**Q** 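I have a structure I would like to understand better, so I am pasting it below and will then ask my questions one at a time.
Only a predicted model underlies this, so the values are computations on that prediction, with no experimental measurement involved. All residue numbers in this chain count up from 1 along the given sequence.
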Amino acid sequence: MQGVRTPPVATTGRVVHLVGPLTDEIFSFLGPATETLADCGLEQTVLVADDLRYRYQLPRFHARIDLVLVPAHGGVSQRAQAAMQALRDILIAAEDVKAVHLHGFLPSLIGSYVARSIGLDVPMYYSPHGSKSLDSLRRVGDLMLWSLRPVIGSLRDLRAITSLAQEARVLHTQTETQSIDVAESPVADAFFEVERHEVPHPLIVTGSRVHDPRAAELFAQLAVLLSDKALRLSFNWIGHTDQNSLVRLSAADVSVHDVRQDADLASRLAAGWIYLAPGRTRGFPVFLAEAMAVGLPCVAIDTPDHRDIIRHGETGFLCRNEEEILHSIAQLIDLPALRAEIGEAARASAKRRFSE
């Protein structure tokens, strides 16, 4: 969360966060969020899975935050039971809980189940972080029981998993009454504030903030397919890439711009005609949300994560295969009015969902 911050309003109380493994993606949201809440005067407790791979994140939290490490060993049911007990103990002992924030799908089930079981009545928030959207929980309870049945080793395990499976069904019902609000990963103001400045000839852009060789490979393949000189198309990869991907992209005549700052990324995106997301992403598709915030019409392969962000034909295009991708790109290149319409709708949608 970068950009100009308004002075926080002082308040009191405690926010309790429940987190699974503290990955880079989750900390990129949770770190700035907890920092802002601490600046507001709120006390905070963060229950986080004690995963050795991510312990390096812990010292990065604000000094006033109480960290509680939940054992991360054992199977799903053991980890769930440990998190349930730790959360229950904190919520019962604390007298000033103002809100509960659940980060990820399994924490959302655990947090909702514990809050209901002890009769806690405070605002609850859910951040997917690339996990399941709350809108997709209708059948997940039955799926959990089916998929975890082989690893259920005891009656206690069965009770824990059954409780979470039932909570998945309840949680879907709760979301229909908006008793749990979704707090999604924010997009920095720089992307909403930049002015579009399309270059003279069609420019298709994509990129990544993390090492993603598969995305680079797919983009290079599409650049070769569309390399007809008569079309005068150009291609930009924006953001981080590795040496092998750099060679592959260069061979496909894709320009690589390794920029990291939000303002630079936004400016590079704003010069494009179309943003292309040719493959799956690991977790929340940050670059796609940022491209929409810039006002770029987006063409994306049809995956659950992309489907959760784009409304096909309204805020972008979802494609099942290479042929549909090429057709959507051709439409947007040929019809400037369509590019403008889709881009404006994408920016408005991103503003509603992802603004800081």
**Q** CG of L332 to CG of L338: how many Å apart, nearest 0.5 Å?
**A**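 L332 CG to L338 CG: 5.0 Å, rounded to 0.5 Å.
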**Q** So, are D258 and R260 salt-bridged, with charged N and O less than 4.0 Å apart?
**A**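 Salt bridge present between D258 and R260.
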**Q** Decide, yes or no, whether a salt bridge links R214 with E217 under the criterion of side-chain N to carboxylate O below 4.0 Å.
**A**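 Between E217 and R214 there is a salt bridge, with a charged N closer than 4.0 Å to a carboxylate O.
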**Q** What's the verdict on side-chain hydrogen bond (donor to acceptor under 3.5 Å, both in side chains) for S245 and D242, showing C-alpha distance, side-chain angles and the deciding distance?
**A** CA-CA 5 Å; S245 296; D242 62 283; 2.6 Å; yes
**Q** Salt-bridged, E198 to R339, with N to O below 4.0 Å?
**A**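 A salt bridge is present here (some side-chain N lies under 4.0 Å from a carboxylate O).
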**Q** Check whether any side-chain heavy atom of S234 sits under 4.5 Å from a side-chain heavy atom of I204, and report yes or no.
**A**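 S234 vs I204: side chains apart.
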**Q** So which atom in P123 and which in K98 form the shortest heavy-atom distance, rounded to 0.1 Å?
**A**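 The pair with the smallest heavy-atom distance is CD-O, 3.2 Å.
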**Q** Step through the shown structure and confirm whether more than 12 heavy atoms of other residues, nucleotides or ligands are within 6.0 Å of CZ on R268.
**A**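 Atom CZ in R268 is not crowded, with 12 or fewer foreign heavy atoms closer than 6.0 Å.
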**Q** Kindly indicate whether the side chain of R64, heavy atoms from C-beta on, has any atom under 4.5 Å from the side chain of E43.
**A**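 Heavy-atom side-chain distance check passes, below 4.5 Å.
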**Q** Is a donor on one side and an acceptor on the other found under 3.5 Å between the side chain of R248 and the backbone of A220?
**A**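 The answer is no, because no donor-acceptor pair under 3.5 Å joins these two groups.
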**Q** If two hydrophobic side chains count as joined below 4.5 Å and joins carry through other members, does V46 share a cluster with V97?
**A**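 V46 does not cluster with V97.
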**Q** Are V48 and V114 joined in one hydrophobic group, where the rule is that I, L, V, M, F, W and Y side chains link up if heavy atoms are under 4.5 Å apart?
**A**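 V48 and V114: separate clusters.
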**Q** On a heavy-atom basis, which atom in L318 and which in I301 lie closest, and how many Å separate them?
**A**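 Heavy atoms only, the tightest pair is CD2-O, 4.3 Å.
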**Q** State whether the side chain of R347 and the backbone N or O of F192 hold a donor-acceptor pair below 3.5 Å, judged by distance alone.
**A**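 Present.
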**Q** Would V256 end up clustered with V247 when hydrophobic side chains under 4.5 Å apart are linked, directly or stepwise?
**A**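 No: no chain of side-chain contacts under 4.5 Å links V256 to V247.
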**Q** Is it the case that the side chain of T34 and the backbone of L30 share a donor-acceptor pair, with hydrogens and angles ignored and the cut-off at 3.5 Å?
**A**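 Checked: pair present.
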**Q** Apply side-chain contact (heavy atoms from CB on, under 4.5 Å) to the pair H240 and S208, showing each step before the final yes or no.
**A** CA-CA 6 Å; H240 181 68; S208 178; over 6 Å; no
**Q** Please check if the number of heavy atoms outside H327 that lie under 6.0 Å from its NE2 is greater than 12.
**A**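 No, because the 6.0 Å sphere around NE2 of H327 holds 12 heavy atoms or fewer from other groups.
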**Q** Contact between V15 and H17 at the side-chain level, heavy atoms closer than 4.5 Å - yes or no?
**A**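 Touching, per the 4.5 Å side-chain cut-off.
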**Q** About how many Å separate OG of S117 and CE of M84, when rounded to the nearest 0.5 Å?
**A**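 Going from the CE atom of M84 to the OG atom of S117 covers 8.5 Å.
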**Q** Out of curiosity, S112 OG to Y126 OH, how far, rounded to the nearest 0.5 Å?
**A**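 Reported value, rounded in 0.5 Å steps: 11.5 Å.
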**Q** Check whether S267 reaches the backbone of A263 with its side chain - one donor and one acceptor, N or O, closer than 3.5 Å.
**A**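 Checked: no pair found.
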**Q** Does the ring centre of F27 sit less than 6.0 Å away from the ring centre of Y54?
**A**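 No; F27 has its ring centre 6.0 Å or more from that of Y54.
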**Q** Which is it for V100 and V122 under the side-chain contact (heavy atoms from CB on, under 4.5 Å) test, yes or no, and what are the steps along the way?
**A** CA-CA 7 Å; V100 176; V122 299; 4.0 Å; yes
**Q** To the nearest 0.5 angstrom, please state how far the OG1 atom of T206 sits from the CZ atom of F219.
**A**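 So the gap between those two atoms works out to 5.5 Å.
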**Q** Measure from the side-chain N and O atoms of N321 to the backbone N and O of E323, and report whether any donor-acceptor pair falls under 3.5 Å.
**A**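 A pair under 3.5 Å: yes.
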**Q** Show the nearest heavy-atom pair for residues V16 and L87, with the distance to one decimal.
**A**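 For V16 versus L87, the nearest heavy atoms are CG1-CD1, 3.8 Å.
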**Q** Can you tell me how far the CD1 atom of I26 sits from the NE2 atom of H103, to the nearest 0.5 Å?
**A**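 Separation between the atoms: 8.0 Å.
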**Q** Are the side chain of Q85 and the backbone of Q81 linked by a donor-acceptor contact shorter than 3.5 Å?
**A**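 No, the answer is negative, given that no donor and acceptor are paired below the 3.5 Å cut-off.
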**Q** Dump the intermediate steps for side-chain contact (heavy atoms from CB on, under 4.5 Å) on L276 and I325, then the final yes or no.
**A** CA-CA 9 Å; L276 176 62; I325 288 176; 3.8 Å; yes
**Q** Dump the intermediate steps for side-chain contact (heavy atoms from CB on, under 4.5 Å) on I274 and V205, then the final yes or no.
**A** CA-CA 6 Å; I274 299 165; V205 299; over 6 Å; no
**Q** Using the salt bridge (Lys or Arg N to Asp or Glu O under 4.0 Å) criterion, which residues pair with R60? Sequence neighbours excluded.
**A**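 Per chain and number, R60 pairs via salt bridge (Lys or Arg N to Asp or Glu O under 4.0 Å) with no residue.
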**Q** Does the side chain of C319 reach to within under 4.5 Å of the side chain of D302, using non-hydrogen atoms?
**A**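 Result no, sub-4.5 Å side-chain heavy-atom pair not found.
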**Q** For atom CG of D121, decide whether the heavy atoms of other residues, nucleotides or ligands shown that lie under 6.0 angstrom number more than 12.
**A**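 Counting other residues, nucleotides and ligands, CG of D121 stays at 12 neighbours or fewer.
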**Q** Just wondering, do D50 and V70 contact through their side chains at under 4.5 Å, heavy atoms?
**A**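 In short, these two side chains do not touch, never coming nearer than 4.5 Å.
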**Q** Could you tell me whether the side chain of D66 reaches within less than 4.5 Å of the side chain of Q44, counting heavy atoms only?
**A**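 No, every pair of side-chain atoms sits at 4.5 Å or beyond.
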**Q** Would a single hydrophobic cluster contain both F29 and V19, if residues Ile, Leu, Val, Met, Phe, Trp and Tyr are joined by side-chain heavy-atom contacts under 4.5 Å?
**A**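 Per the 4.5 Å side-chain linkage, V19 and F29 are not co-clustered.
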**Q** Report the C-alpha distance between S127 and H101 in whole Å, list the side-chain angles of each, state the deciding distance to 0.1 Å, and finish with yes or no for side-chain hydrogen bond (donor to acceptor under 3.5 Å, both in side chains).
**A** CA-CA 8 Å; S127 293; H101 195 157; 2.7 Å; yes
**Q** At their closest point, which heavy atom of V294 faces which heavy atom of A266, and how far apart are they?
**A**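 Smallest interatomic distance, heavy atoms only, reads CG2-O, 4.2 Å.
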**Q** Just wondering, do L226 and L326 contact through their side chains at under 4.5 Å, heavy atoms?
**A**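 Contact flag for L326/L226 side chains = yes.
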**Q** Return the CG to OG distance between L222 and S227, rounded to the nearest 0.5 Å.
**A**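 Going from CG on L222 over to OG on S227, the span is 11.0 Å.
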**Q** For a 4.5 angstrom cut-off between non-hydrogen side-chain atoms, does R79 reach P71?
**A**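 Side chain of R79 against side chain of P71, heavy atoms only: no contact under 4.5 Å found.
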**Q** Between H73 and Q78, do the side chains contain a donor N or O and an acceptor N or O under 3.5 Å apart?
**A**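 There is no such pair between these side chains.
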**Q** Are V194 and V286 joined in one hydrophobic group, where the rule is that I, L, V, M, F, W and Y side chains link up if heavy atoms are under 4.5 Å apart?
**A**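 Result: yes, single cluster for both.
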**Q** For R353, which residues count as a salt bridge (Lys or Arg N to Asp or Glu O under 4.0 Å) partner, sequence neighbours excluded?
**A**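 Applying salt bridge (Lys or Arg N to Asp or Glu O under 4.0 Å) to R353 gives E184, D308.
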**Q** Please report the shortest heavy-atom distance between G313 and I342, naming the atom on each side.
**A**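 Minimum heavy-atom contact is O-CD1, 3.6 Å.
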**Q** Please state whether the rings of Y275 and F287 are parallel, tilted or perpendicular, taking 30° and 60° as the class boundaries.
**A**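 Ring orientation, 0 to 90° scale: tilted.
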**Q** At their closest point, which heavy atom of V199 faces which heavy atom of W273, and how far apart are they?
**A**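 Here V199 and W273 meet closest at O-NE1, 2.8 Å.
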